[in-house]
K.L.:
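I'd like to ask some things about the structure below.
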Amino acid sequence: MGGQTPAISPEHRRHVGMRIIKTVLAVFVCGVLAWAREKSGFYSMIAAVVCVQNSAGKTIESSINRMTGTLIGGVAGVAVVYLLDVVGILYIELARYAVLALMLIPIIELCLLIKKPGSAAMACIVFLCVTVNHSVGDTPVIYSIERLFETLIGVALACGVDILLPYHTPAQAPAAAAPEGASVPSPDSPEGAPADAPPAPKEAEPAPELPREDGGEGTP
């Protein structure tokens, strides 16, 4: 009937998986700790969201990449801020942006050199956070340390939640069994014919034509 709703197969049903649950829990704990310390939990929450993956191994790998990138980007950002301050172009916007854009090249190359390509994006993000958000009166070293500490909190909580809560893989749907007594078609049998059916008779090959005595061709 037209008013009936078609049944949804199990593989197409949406459900809240363990990765989503772990991400929500890790972000909430980051917020609670930030509230207790009267700090912003923005960076730790981002770290928790990025680090929680669909397996414990991938979560640990993502956490290592994020901490490596944060360390590289923070150190490079502090060095560049002090260098621009010494040169006198720290607050000349166009000159500063040109230098910051070019500095992304050695940062990415360093991540590739230490065989941590997954940390390149995080290193660039932290570097830009330290250098672009820097304003008069800010201390880049303090900012970088706080940024690294917040990231460490998010990474640690993501790993802890991921290890404490197990993963549950949905059971695969069993293959549809053939009806009892039904035979499986053989690759050599005609399409749609059962395997126990007699093979189709082969067409008789035409007899070869032989030359006639009068020079023509014909059958013997």
Side-chain angles (χ1 to χ4, degrees), residues 8-81 104 107-134 138-174:
I8 302 176
S9 57
E11 59 270 16
H12 291 92
R13 294 173 183 169
R14 304 304 303 170
H15 64 279
V16 178
M18 285 302 299
R19 180 179 179 181
I20 299 177
I21 296 175
K22 291 181 179 185
T23 302
V24 171
L25 182 58
V27 169
F28 175 72
V29 176
C30 287
V32 172
L33 291 180
W35 171 77
R37 296 183 296 111
E38 297 183 353
K39 298 287 185 178
S40 172
F42 177 71
Y43 292 111
S44 61
M45 290 179 176
I46 291 179
V49 171
V50 174
C51 289
V52 176
Q53 300 295 318
N54 55 4
S55 68
K58 291 182 179 180
T59 298
I60 295 175
E61 180 182 359
S62 176
S63 302
I64 293 175
N65 287 334
R66 188 167 181 84
M67 287 305 303
T68 303
T70 301
L71 182 60
I72 293 175
V75 173
V78 171
V80 169
V81 166
L104 297 180
I107 290 176
I108 296 175
E109 290 295 333
L110 177 59
C111 294
L112 298 178
L113 181 63
I114 64 176
K115 301 186 184 303
K116 290 292 183 182
S119 63
M122 193 64 239
C124 294
I125 292 173
V126 175
F127 171 77
L128 294 176
C129 286
V130 174
T131 53
V132 176
N133 289 339
H134 179 76
D138 286 347
T139 304
V141 174
I142 301 300
Y143 179 84
S144 298
I145 292 176
E146 291 179 350
R147 176 74 174 82
L148 184 63
F149 179 71
E150 292 292 334
T151 302
L152 179 62
I153 292 177
V155 170
L157 288 176
C159 291
V161 170
D162 189 83
I163 293 173
L164 292 177
L165 297 182
Y167 283 95
H168 296 288
T169 304
Q172 297 180 352

K.L.:
What is the distance from atom SG of C111 to atom NZ of K116, rounded to the nearest 0.5 Å?
P.N.:
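That separation rounds to 10.5 Å.
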K.L.:
Between S62 (side chain only) and K58 (backbone N and O only), is there a donor and an acceptor less than 3.5 Å apart?
P.N.:
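Side chain of S62 to backbone of K58: no pair is present.
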K.L.:
Quick check: does any side chain N or O of T23 sit under 3.5 Å from a backbone N or O of V49, one acting as donor and the other as acceptor?
P.N.:
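Not at all, since once roles are kept as given, no pair shorter than 3.5 Å links the two residues.
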K.L.:
Which atom pair, heavy atoms only, marks the closest approach of I107 to A76?
P.N.:
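For I107 and A76, the tightest heavy-atom pair comes out as CD1-CB, 4.0 Å.
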K.L.:
Calculate, to the nearest 0.5 Å, the distance between atoms CD1 and NZ belonging to I153 and K39 respectively.
P.N.:
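So the gap between those two atoms works out to 10.5 Å.
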K.L.:
Can you see which heavy atom on V126 is nearest to which on G74, and at what distance?
P.N.:
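Smallest interatomic distance, heavy atoms only, reads CG1-N, 3.5 Å.
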K.L.:
Could you report the tightest heavy-atom contact between E150 and S40, atom names first, then the distance?
P.N.:
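Heavy atoms of E150 and S40 come nearest at OE1-O, 3.6 Å.
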K.L.:
Between A158 and V52, which heavy-atom pair has the shortest distance, and what is it?
P.N.:
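So the minimum-distance heavy-atom pair works out to CB-CG2, 3.8 Å.
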K.L.:
When rounded to the nearest 0.5 angstrom, what distance separates CE in M67 from OG1 in T151?
P.N.:
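That separation rounds to 6.5 Å.
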K.L.:
For a side-chain contact (heavy atoms from CB on, under 4.5 Å) check, start with the C-alpha distance between T70 and V155, then their side-chain angles and the critical distance, and finish with the verdict.
P.N.:
CA-CA 11 Å; T70 301; V155 170; over 6 Å; no
K.L.:
Once you round to the nearest 0.5 Å, how far does OG1 of T59 lie from CD1 of I163?
P.N.:
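Spacing of OG1 (T59) from CD1 (I163) equals 9.0 Å.
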K.L.:
Can you give me the closest heavy-atom contact between R66 and C51, atom names plus distance?
P.N.:
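Scanning both residues, the minimum pair turns out to be CD-SG, 3.7 Å.
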K.L.:
Distance from I114 atom CD1 to T68 atom OG1, nearest 0.5 Å?
P.N.:
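Between atom CD1 of I114 and atom OG1 of T68 there are 6.0 Å.
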K.L.:
Just how far is it from atom CZ of R19 to atom CG of D162, taken to the nearest 0.5 Å?
P.N.:
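Taking CZ in R19 and CG in D162, the distance rounds to 10.0 Å.
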K.L.:
Among L165, L157, L164, which residue satisfies the side-chain contact (heavy atoms from CB on, under 4.5 Å) criterion with K22?
P.N.:
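By the side-chain contact (heavy atoms from CB on, under 4.5 Å) criterion, K22 pairs with just one of L165, L157, L164: L165.
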K.L.:
Any chance you could lay out the side-chain contact (heavy atoms from CB on, under 4.5 Å) test for N65 and M122, step after step, and finish with the verdict?
P.N.:
CA-CA 8 Å; N65 287 334; M122 193 64 239; over 6 Å; no
